Structures are given as structure tokens and as C-alpha cells.
Amino acid sequence: MNPQDPDRLETSIHRILRSVPDRRAPAGLQGRVLAEIARRQALPWWRKSFAHWPAAVRALFFGGSAIVAALVVSGLLLVWYSSGAAGMAGASEPFAWIRAARDFLTSTNSSLHQVYAAIPRLWLFGAAAVIASLYALLGAISATAYRAISYARHTA
Amino acid sequence: MQNPTSGLASPADFTSFMRQYQDMVFTTSARLVRNDAQAEDIAQEVFIKAYEHFDMLSTSPSAGGWLKTVATNLSLNHLQRYRNRWRFFSEMSAEDSSGGEATQVEFAAPDTFFAQMDAEEKRSIVDDAIAKLPDHQRIPLVLYHYEDVPYDEIARRLGVSLAKVKTDILRARAALAKILSRSGAHLESLSP
């Protein structure tokens, strides 16, 4: 056989690899699987993944989540109205809540901008430099540790 | 023992199902991850998933294919996680020595060395030879030759280019032939 012929080599290697039998699975595998299945089945439903929850509980969860979300939004709007930022007359208009929500987001955004503008630039650059330095230091320590462990393994 | 999807599943049925496929599932994982303990963990996860779908699998003629696909996917996920975690550090180390030009294969003279061996010994020699390949050659080689995954699918799943997959598999074959030759095997004599 010409060893430089890729097609022949492919065929040969394929035949060799496919001719070898499977390895024997560890003797304890079966016991481990059955024990793990039994352990998972013994768990209460609330400790299993969401897909294994009873259908009624899942429906309740969705309903509850929707109610909580509605309460949070209503609460935020109430706080905004009670702060006097919006006239009560506006609340009676249809879709007034959309305008209220938009105003709330706008005011939050401008507040954040004000806070950002109040921080001296030097502080921001300094904080970024410190974070970058710490990150580089962490990388260097990890790389050194990895190479040391890897070297120890190779020379062991 | 209860099946979550169907109410009841006989433990005896599932046990005999496992007994039928456990060697194949374990071998599939072990060839990819090259670590027996991790392969056993993956095999365990495969059979737990199989148990959840036992209704369908117990009567399906393609149960073996399903198990093999799940074992392959879980093994690749495991390797991907491991690779992401260590890629930065491992790539700081020197590239593997077999990453250069394609290895010149020298075949040993035909002999009867393998003719006197049983299948288990032959398997041990081949598995050891595969284990000596670096990950970037071994994984595509195993996917191509054992799992029948085409080149483009391997490239997609490993997130590398098609050209790299073809080159890596080509080099892996050459390296494998060289390792087998060094072990005294003649390629033709290893074939069935």
C-alpha cells in the first residue's frame, strides 16, 4: 500500500477503527444510573426543573407572575403620580399610562445622566484602570498556576 | 420505579435496555473525552435522559442511534466547556508537535503480530493510539470515522473552518498510521 495515497489511507484507517469492538462499560454504571434516577424521583416537585412541575402549579406560577408584574408596574406608576410629576387630570385620559410610563423612563434616564456627569472624569478613568490591572493580574496568576501545575504533571 | 412520562416503567425493562447499550454509550463518550471517569458521568446522564424518553425508546428501532447522538452531543458540550475554560491558558503553551506538516508514514513490514491477538488486544492498541493524538485531531477523526459525521457538520459543531477539519483529519490519519506502525502493527493486518 502506498502510504502517501490519502484515499487508501482513509479506507485503511476507517476499516481498522470500525473493526475494533466497543469497550466494556464500568461495572458500576448501571447501579449509578438507577440510584440517580431513584434519587431524582424522590425529590419534591419544587426541587425539580420547571418542566417536571405539575401542570396546575405551572399555570398558577404563570398567573402569579403576571399579577406580580402588573402590581409592580402599577406601583411604579402610583409612586410617579404621587410625586406630583404628572397632573391628575392626565390620568383620566385614555392611554394616559403610556405617557406616564414614558415620562417615568425619561426622568429616570435624565437622573442617571446627572449622576454620571457629577462623577469626575479622573475617577472614572482611574476605576477603569484599576479594574483592567486587576483583571490582567488575575490572568497572569492563573496562567502561572496553570503552567506550574501542567509542568508538574508532565514531569511527574 | 415510575416513568415520568408514562406512569410505569419496568425496572427490568430499563435494566436490560441499559445492558444492551451501555458499552456503546460509554465507548462513544470515552473516545471523545479521553477520560474514563468523565465518560462514565456522561454515560450516566445519557441513560437518565433515555429513562425520561423510555416510552418512545423502548419500542424504537433507532434507539441505538438516539443514544449515540445524545452521547456525542453531551461529550462535545463537555469538551466545549472545558476548552472554553482552558483555551486561553493552553494556547499559551507550545503548539503540539504534530501540528506541522503531514507526517511521513513509514509502515512496518508485514508480520503476524496482530494475527495472534484477540479483538480486545487489538482494541486496546487502537484506543491507545487514538488517545495519543492531540484533541484537535482526535475529536474530528472520531466524529468522522466512528460517528459518520460529515466534514461540514464537524466544522459547524466544532466552530472551525472546513479546511481545518479536513487538514486535521488528514494529519490524524497519518499520525495514527505512524503510531500503529511503531507498535508493530501493519495496517492491512489490523483490518478484519
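No experiment lies behind these values; they were computed from the predicted model shown. Order of the sequence lines fixes the chain letters, A, B, ..., with proteins taken first and strands second; residue numbering starts at 1 for each chain.
Both B:I169 and A:I13 are members of a single hydrophobic cluster when ILVMFWY side chains are connected at heavy-atom separations under 4.5 Å. Hydrophobic clustering of Ile, Leu, Val, Met, Phe, Trp and Tyr side chains at less than 4.5 Å, counting indirect connections, keeps B:L57 apart from B:F26. A:V73 and A:I67 fall into different hydrophobic clusters, where Ile, Leu, Val, Met, Phe, Trp and Tyr side chains are chained together by heavy-atom contacts under 4.5 Å. B:L176 and B:V165 fall within a single hydrophobic cluster, where Ile, Leu, Val, Met, Phe, Trp and Tyr are joined by side-chain heavy atoms under 4.5 Å apart, directly or via other members. A:V57 and A:F50 fall within the same hydrophobic cluster, where Ile, Leu, Val, Met, Phe, Trp and Tyr residues are linked whenever their side-chain heavy atoms come under 4.5 Å apart, directly or through other members.
Counting heavy atoms of neighbouring residues, nucleotides and ligands inside a 6.0 Å radius, atom CZ of A:R58 exceeds 12 of them. Heavy atoms from other residues, nucleotides or ligands lying under 6.0 Å from CD1 of A:I119 number more than 12.
Residues A:L17 and B:L141 form a side-chain contact, since some pair of their non-hydrogen atoms from C-beta on lies under 4.5 Å apart. For the pair B:F14/A:I37, a side-chain contact is recorded, criterion being any heavy-atom separation below 4.5 Å from C-beta on. Between B:Q44 and A:Q30, every side-chain heavy-atom pair lies at or beyond the 4.5 Å cut-off. The shortest side-chain heavy-atom distance between A:L29 and B:M18 falls under the 4.5 Å cut-off. B:I48 places none of its side-chain heavy atoms less than 4.5 Å from the side chain of A:R32.
For the residue pair B:L170 and A:P6, the shortest heavy atom distance occurs at CD1-CB, 4.0 Å. Looking at every heavy atom in both residues, B:D23 comes nearest to A:A25 through OD1-N, 2.8 Å. The nearest pair of heavy atoms linking A:P21 to B:R31 is O-NH2, 4.2 Å.
Contacts between B:R19 and chain A at a heavy-atom distance below 4.5 Å involve backbone atoms as well as side-chain atoms. With a 4.5 Å cut-off on non-hydrogen atoms, B:I130 touches chain A through its side chain but not through its backbone.
B:Q20 pairs by the side-chain contact (heavy atoms from CB on, under 4.5 Å) definition with nothing, not counting sequence neighbours.
The backbone N or O of B:T27 lies less than 3.5 Å from no partner atom in the side chain of A:D22, so there is not a single donor-acceptor pair.
Atom-to-atom distance recorded for B:H145:NE2 and A:E10:CD is 5.5 Å, nearest 0.5 angstrom. Between the CG atom in A:L34 and the OG1 atom in B:T15 there is a gap of 5.0 Å [rounded to 0.5 Å]. In this structure, the separation between CZ on A:R18 and OH on B:Y146 is 9.0 Å, given to the nearest 0.5 Å.
Under the side-chain hydrogen bond (donor to acceptor under 3.5 Å, both in side chains) criterion, no residue pair touches residues 107-130 of chain A, with sequence neighbours excluded.
Using a 4.0 Å cut-off between charged side-chain N and carboxylate O, A:R40 and B:E45 make a salt bridge. Looking at B:D36 and A:R23, a side-chain N of the basic residue comes within less than 4.0 Å of a carboxylate O on the acidic one, giving a salt bridge.
Comparing B:V142, B:T28, B:D148 by heavy-atom pairs within less than 4.5 Å of chain A, the highest count is held by B:D148.
Between A:E36 and B:Y51, the side chains place no donor N or O within less than 3.5 Å of an acceptor N or O (distance only, hydrogens not considered).
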